[in-house]
Protein chains: 2
Amino acid sequence: MLDDNLAQKIKDSKYRLTSQREAILEVMVANRGKHLSAEEVLQKARDEHPLIGMATVYRTLDILASMDILHKSMFDDKFRYELCDNDRHQHHHIICLSCGAIAEVQEDLLHILEEHLEKKGFRVLDHDLKLYAYCPECCQRQKNLAR
Amino acid sequence: MLDDNLAQKIKDSKYRLTSQREAILEVMVANRGKHLSAEEVLQKARDEHPLIGMATVYRTLDILASMDILHKSMFDDKFRYELCDNDRHQHHHIICLSCGAIAEVQEDLLHILEEHLEKKGFRVLDHDLKLYAYCPECCQRQKNLAR
DNA sequence: ATCGCTGCAAAATCTTTGCAAGTTA
DNA sequence: TAACTTGCAAAGATTTTGCAGCGAT
């Protein structure tokens, strides 16, 4: 079942709400909080819409990102997309170098940095912070192996 | 003229110091502080070594990055490489959305964030912060146009 | 003389684009 | 109907790989 707000947002835009776009939106909503690649979106969207093509997926994801419905960023050498979540605005990613798990960090220390830069004449619009770490589970596993 | 330290570092490693590797190192040293793509490195390296191939460039850049001589990161949808600078360790990138200029930020606010994560059981090894902004020059140009 | 390294070409990925046909408002 | 959208296939772009021959130690 698709979030009416998002469907409406598209109807109100210059874009048309097609069954393919609806299917892709549903996939993104159903996977809230996950960072899906175009390939993953394609596979999941095909459950609902078996004939959908990759070009449509890329085109739709880019439209949704330009409408601030999705956030597009680069992980693992490819673009990944996640549903924007208005409640948790400033979140950063912490990527486990061992298992690849992606956790999120809510801390908002970057405002201080951004204010500093604004004083120097920059106008900061966005940022992207990735932390590379071993996650608690992998740290534990490494300790167990060492025993 | 190539930094003897770096040439020596390769000689001391399991890798051989070939004329191609030397040429690539020289390019990176001559462009200290810049973020070069493989293609750009290839073009510059060919001034010195006209027959060098792209595969060699990629292979060498990856070796140098694995030795912590270069830092590899993704900008503008491709990998870019820059010489590691021991004096300015924690630096972040601020990318102008208008002219594409890349400035660097030395502020080191991330330690606080990393300590917080360490307490939660992560072991943080590296981070990558990109800020997207309009640079002071482009801000000024926009103001001038508006007049 | 080894064993590593190189250049070339081909392959592998990921992403974008052209176009004829189908669909939406 | 008019304009937008789709799927397919082809093209683009970046990066990696296989291999025969070359080169460093």
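Proteins get letters first, then strands, A, B, ... in listed order; numbering begins at 1 in each. Computed from heavy atoms alone, side chains included, the values below leave out hydrogens, waters and symmetry copies.
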Heteroatom pairs (N/O) under 3.5 angstrom, protein to nucleotides 10-13 of chain D:
none

List, with names and distances, any nitrogen or oxygen atoms from the protein found under 3.5 Å away from nitrogen or oxygen atoms belonging to nucleotides 21-25 of chain C.
residue, atom, partner, partner atom, Å
C/dT24, O2, A/Arg16, NH1, 2.7

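For D/dG7, the OP1/OP2 oxygens have a side-chain nitrogen or oxygen of A/Gln20 closer than 4.0 Å. Regarding contacts with the backbone of D/dT6, a side-chain N or O of A/Arg21 is found under 4.0 angstrom from either OP1 or OP2.
B/His91 and B/Glu82 form a side-chain donor-acceptor contact under 3.5 Å, judged by distance and modelled atom types alone.
The distance between atom CD of B/Glu22 and atom C1' of D/dA24, rounded to the nearest whole Å, is 12 Å. If you take CD1 of B/Ile10 and P of D/dA24, they are 14 Å apart, rounded to a whole angstrom. In this entry the distance linking CG of B/Leu64 with C1' of C/dC5 reads 14 Å, nearest Å. Rounded to whole angstrom, the span from the CD atom of A/Glu39 across to the C1' atom of C/dT13 amounts to 11 Å. Between A/Ile24 atom CD1 and D/dG7 atom C1' the separation is 12 Å, expressed in whole Å. In this structure, A/Glu40 places its CD atom 11 Å from P of C/dT15, rounding to the nearest Å. With rounding to whole Å, A/Gln43 atom CD is found 15 Å from C/dC14 atom C1'. Atom CG in A/Asp77 sits about 8 Å away from atom P in D/dT16, given to the nearest Å.
Counting only residues at least two apart or in different chains, salt bridge (charged side-chain N to carboxylate O under 4.0 Å, His left out) contacts with residues 129-142 of chain B comprise B/Asp128-B/Lys130. Sorted by first and then second residue, the ring pair (Phe, Tyr, Trp, His ring centres under 6.0 Å) pairs involving residues 9-38 of chain A (not counting sequence neighbours) are A/His35-A/Phe75, A/His35-A/His93.
Bending across the helix from C/dA1-D/dT25 to C/dA25-D/dT1, expressed as the angle between its end axes from five pairs apiece, amounts to 30° (10° rounding).
Taking both residues in full, the closest heavy atoms of B/Leu25 and B/Ala7 are given as CD1-N, 4.3 Å, listed atom of the first, atom of the second, then distance.
Annotation: side chain of A/Ile69 is in contact with side chain of A/Lys9 (closest heavy-atom distance under 4.5 Å).
Panel note: side chain B/Glu118, backbone B/Val124; a donor-acceptor pair is recorded below 3.5 Å.
Near DNA chain C, meaning a heavy atom under 4.0 Å away, the residues from residues 50-63 of chain A are A/Ala55, A/Tyr58, A/Arg59, A/Asp62.
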